[in-house]
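Notes follow once the structure below has been shown.
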Amino acid sequence: MPELPEVETVRRIVEPALLGRRIEGVTLRDFAGVLESAIPGVDPVATLPGQSFAATNRRGKYLLLRLDSGLTLIVHLRMTGRLLLTPTAAPLVRFEHLAIRLDDGNDLRFSDQRKFGRVVLASDAGVALLDSRLGPEPGSPRLTAASLHAALKRRPGKIKNALLDQSLIAGLGNIYVDEALYRSRIHPERVANTLTQPECVSLLRAVRHVIRTALDNQGTTFSTFENPYGEAGGNAVFLRAYGRAGLPCLRCGTPMVRIVVAGRGTTFCPTCQPLDGPMPPS
DNA sequence: CATTACCTGCAA
DNA sequence: TTGCAGGTAATG
């Protein structure tokens, strides 16, 4: 489940491999829908060859590969998408739907066993539109406990739903939302607009901690995530909530509970994360 | 606001 | 054989 740390891990690896490289050819296989155009009348397969990679950026869970023409390939891995750097000579394997041939003997390939991920060719206007739909990055100085508190005040739904909303904060997904709520001792079903200012301070600190830790460990590989060289991330051993249903809470020993919130499997500690708010001092 | 569709490998 | 995994768009 690639979230911000996984996508940023991918970006940091592909950047040195792509900058200055020229696209020599584009191959689409059975699932041609993986490559889309957001520009009417522009066919990516015809347009991409000859263009070179000029910059890489990331916004939330979107990877932005900017070309010297000013166009950008917007990549979203969704759940099982992978961006791979592979020698051109290596045969395309199952699930590799798109191969972008570079001028150094390597391919940039997009693999996805579930056909949810996309690579979209967009103009600067398309990138700006995407940017406008997303909230601040977790590390942005524009995001403060006060701004988070104010935004949550307008949210009558559950805090987990709010944190999964990319227009509130960009880049969080199921894993890091559960981790951040566990660290800040907030029940995932707490009504967002009831969070106190101190809870928002704690929650934002927790969000930044779990994202930074995952980045430091090149992302979480729970089942499928791999970086562009096929290597797993090292953050799974640092997870304290996600995937631990039925196991003892690492703080108090209470068995962790699994519920469904926002249609997602959600793991939390019923003792450390009470629905009625912060625990009174003991 | 919440829930479902999309998709398919895999565990139970 | 069934249902779970989940990011996002679409739907209720």
### Message
Closest approach to the side chain of A:Tyr242, judged atom by atom: which nucleotide of C:dT8, C:dA5, B:dA2 is it?
### Response
C:dA5
### Message
Just N and O in the side chain of A:His76: are any of them under 4.0 Å from OP1 or OP2 of C:dT8?
### Response
yes
### Lys/Arg-Asp/Glu bridge criterion (N-O < 4.0 Å) met for A:Lys160, A:Asp178
yes
#### Entry: Test: A:Asp30 and A:Arg94 ion pair at under 4.0 Å
no
### Query
Within this structure, what is the CD-to-C1' distance between A:Glu36 and C:dT8, rounded to whole angstrom?
13 Å
### Query
Looking only at side-chain N and O atoms, does A:Arg258 come under 4.0 Å of OP1 or OP2 in C:dA5?
yes
### Query
So what does A:Gly265 hit on the nucleic acid, given a heavy-atom distance under 4.0 Å: a base, only sugar-phosphate, or nothing?
sugar-phosphate
### Task
Compute the bend angle of the helix from B:dC1-C:dG12 to B:dA12-C:dT1 from the end axes (five pairs per end), rounded to 10°.
70°
### Message
Could you check whether A:Arg142 pairs with A:Glu137 (Lys NZ or Arg NE/NH1/NH2 to Asp/Glu carboxylate O, under 4.0 Å)?
### Response
no
#### Entry: Length of the line joining A:Leu168:CG and C:dG7:C1', which is rounded to integer Å
16 Å
### Task
Working to the nearest 0.5 Å, report the span between NE2 of A:His76 and CG of A:Leu130.
9.0 Å
### A:Arg29 atom CZ, neighbour heavy-atom count above 12 within 6.0 Å
yes
### Message
Without decimals, in angstroms, what is the distance between A:Glu189 CD and B:dC1 P?
### Response
15 Å
### Query
Separation of A:Leu152 atom CG from B:dC1 atom C1', in whole Å?
15 Å
### Task
Supply the atom-to-atom distance A:Leu73 CG to A:Phe110 CZ, rounded to the nearest 0.5 angstrom.
11.5 Å
#### Entry: Sequence neighbours excluded - side-chain hydrogen bond (donor to acceptor under 3.5 Å, both in side chains) pairs with any residue from residues 9-19 of chain A
A:Glu8-A:Arg11, A:Glu8-A:Arg12, A:Arg11-A:Glu15, A:Arg11-A:Thr56, A:Glu15-A:Thr56
### Query
Can a side chain N or O of A:Gln166 be found less than 4.0 Å away from OP1 or OP2 on C:dT8?
yes
### Message
Between A:Lys158 and B:dC1, is there a contact of a side-chain N or O with OP1 or OP2 at under 4.0 Å?
### Response
no
### Task
Answer with base, sugar-phosphate or nothing: what part of the nucleic acid does A:Arg118 contact at a heavy-atom distance below 4.0 Å?
nothing
### Query
What string of B, S and - do you get for nucleotides 5-12 of chain B 5' to 3' if you count protein non-hydrogen atoms under 4.0 Å?
BBBBS---
### Task
Could you check how far NZ of A:Lys61 sits from P of C:dA9, rounded to whole Å?
11 Å
### Message
Testing the basics here: between A:Ile74 and A:Ala122, what is the closest heavy-atom pair and its distance to 0.1 Å?
### Response
CD1-CB, 3.7 Å
### Query
With sugar-phosphate meaning primed atoms plus P, OP1 and OP2, does A:Asn161 contact a base, only sugar-phosphate, or nothing at under 4.0 Å between heavy atoms?
sugar-phosphate
### Query
Is the cationic atom of A:Arg251 (NZ for Lys, CZ for Arg) positioned less than 6.0 Å from the six-membered ring centroid of A:Tyr182 and within 45 degrees of its normal?
yes
